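Model, not experiment: these values are computed from the prediction. Both backbone and side-chain heavy atoms feed into the values below; hydrogens, waters and symmetry mates do not. Chain identifiers are assigned alphabetically (A, B, ...) following the order of the sequence lines, protein sequences preceding nucleic acid strands; residue numbering begins at 1 within each chain.
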Protein chains: 2
Amino acid sequence: MKTHTESEENYIKALYHLGGGLPVSNGDLAQRVGAKGSSVTQAVKRLGQKDLVNVVPYKGVQLTPQGIRLAKSILRKHRLWETFLVDKLGFGWDEVHPLAEQLEHIQSEELVDRLFQFLGSPKHDPHGDPIPERDGQMPPVLGQPIGAFSKGSEIRIVRVEDAGSEFFDQLDTMNINLGNTYEIRAISAFDSSVELGSSTGSFWLSQSMCANIYAIQS
Amino acid sequence: MKTHTESEENYIKALYHLGGGLPVSNGDLAQRVGAKGSSVTQAVKRLGQKDLVNVVPYKGVQLTPQGIRLAKSILRKHRLWETFLVDKLGFGWDEVHPLAEQLEHIQSEELVDRLFQFLGSPKHDPHGDPIPERDGQMPPVLGQPIGAFSKGSEIRIVRVEDAGSEFFDQLDTMNINLGNTYEIRAISAFDSSVELGSSTGSFWLSQSMCANIYAIQS
DNA sequence: AATTATTTTTAGCTTTGCCTAAAATAAAAC
DNA sequence: GTTTTATTTTAGGCAAAGCTAAAAATAATT
Ligand SMILES: [Mn+2]
Ligand SMILES: [Mn+2]
Ligand SMILES: [Mn+2]
Ligand SMILES: [Mn+2]
């Protein structure tokens with residue numbers, strides 16, 4: 001198991017996020033990692049030499065099985081650190097991403113294993129995203145967008161999309177957290193907004209908000 | 001408050017360790033960071049441009065006040081992470097240094113502050129080394145080498161030198177830990193080894209071991 | 001003081017990783 | 001089926017960070 005640079009790991013993670021094993025275009029990758037297309041061209045060339053990706057010029061880049069393994073191990077670290085930051089250090093879930101972006105590159109199998117144990121062997125991170133297992137297996141991606149439920153459903157929030165800090169601020173303002181349960185009281189025929197009810201009252205959620213909040217029947 | 005590369009930070013930390021603010025020779029610095037002299041020459045030139053050091057060619061390199069501030073902040077992070085790894089994740093004190101060497105470069109004031117709190121505002125790390133305060137103040141460097149105490153003294157182990165993994169292994173084998181208390185039962189006139197006694201029995205410590213273990217009268 | 005030995009710097013090269021601008025290719029429009 | 005547009009790759013630069021080998025400066029010995 002070789003050692004990789006931070007840049008390389010960020011490319012691998014971006015590729016996994018965009019394609020999950022399928023080919024990704026130069027442009028999309030450039031956008032994701034925040035670099036110019038020309039930089040991406042040479043970056044993936046280097047990754048190809050390390051057998052982490054397959055490159056077909058003008059066509060696209062694709063993770064190899066080893067690349068996928070690496071991507072998952074980085075994602076595992078990222079989400080474990082996010083869990084640590086929120087559960088143990090009390091960070092807000094909107095603050096942890098950039099920090100995990102750094103911490104995910106710390107190299108130590110032992111550290112990851114111990115962190116995993118210390119956190120109580122979590123299956124999902126503070127946003128409800130699945131934390132890859134040690135062997136690469138992925139826990140289920142939980143929930144459906146709130147808009148998918150019908151009136152009268154009892155639901156529990158299990159996941160939120162990473163839709164930017166304004167979105168997280170809105171969640172905090174509305175006191176919406178993972179684990180909260182609501183009843184779907186009404187669905188607007190006009191703008192598809194949804195009225196959620198709980199013991200403490202009820203409130204309306206815009207269609208945009210609903211699309212980024214995932215729940216399961218409870 | 002600019003952002004620095006990992007390499008730069010390692011140079012700054014090495015300079016602080018070697019000179020603590022006083023001039024350091026190119027050779028000593030090269031040895032410490034594990035690079036060749038020529039690499040060091042340009043590295044310190046870069047650091048000089050950032051006003052972190054003063055360089056006098058052929059004479060030596062010296063940390064500026066800003067350099068010292070930075071060095072302390074890195075040391076603070078290093079020792080806080082070591083404390084985390086030992087206290088919370090159960091690592092042995094011989095294993096944590098290389099990991100802290102990576103973690104010390106994570107950039108976030110907020111993270112350091114929260115970690116500090118989470119660990120119970122520690123003043124010393126798992127080896128008994130002082131953890132710099134937020135403002136740069138240094139807690140006292142505790143203890144004297146065991147060889148400095150006289151027969152009959154009641155002592156408590158408060159610090160150990162970082163003298164390599166074999167040293168730590170020996171400590172573990174002998175079950176010597178920070179906080180342990182002993183009575184000095186005898187001091188060999190032949191080889192300066194020391195007999196330490198406790199409720200569970202007694203044992204002899206070589207002069208080399210004694211020189212790397214620090215204690216206070218208790 | 002002159003010579004030798006050590007240390008430090010310079011010069012020149014390499015790799016990673018990013019950039020801009022120009023050329024080449026693929027996709028879309030006419 | 002050309003022509004135009006968009007995407008991708010090449011070419012050429014630059015900075016950080018390391019290296020080796022040669023030159024220069026300092027320190028140590030005769
Ligand atoms: Mn990252
Ligand atoms: Mn997450
Ligand atoms: Mn380090
Ligand atoms: Mn320490």
Would you say a side-chain N or O of [X] is under 4.0 Å from OP1 or OP2 of [N]?
X	N	result
B/Ser39	D/dC19	yes
B/Tyr11	D/dG18	yes
A/Lys36	D/dG13	no
A/Ser38	D/dA11	no

Could you state the [atom1]-[atom2] distance from [X] to [N], rounded to the nearest angstrom?
X	N	atom1	atom2	answer
A/His4	C/dT15	NE2	C1'	16 Å
B/Asn26	D/dA24	CG	P	18 Å
A/Glu8	C/dC18	CD	P	10 Å
A/Leu29	D/dT8	CG	C1'	13 Å
A/Leu47	C/dT16	CG	C1'	12 Å
A/Asp28	D/dT7	CG	C1'	11 Å
B/Gln49	D/dA17	CD	P	12 Å
A/Lys45	C/dT16	NZ	P	13 Å

Inspect the contact between B/Arg76 and B/Glu133 and indicate whether a charged nitrogen and a carboxylate oxygen are less than 4.0 angstrom apart. no
Looking only at C/dT16, C/dA26, D/dA17, the nucleotide nearest the A/Tyr58 side chain is C/dA26
Need to verify one output field. Residue with the more 5' nearest nucleotide on DNA chain D, A/Lys59 or A/Gln42? A/Lys59
For the residue pair A/His97 / A/His78, report whether a side-chain donor-acceptor contact shorter than 3.5 Å exists. yes
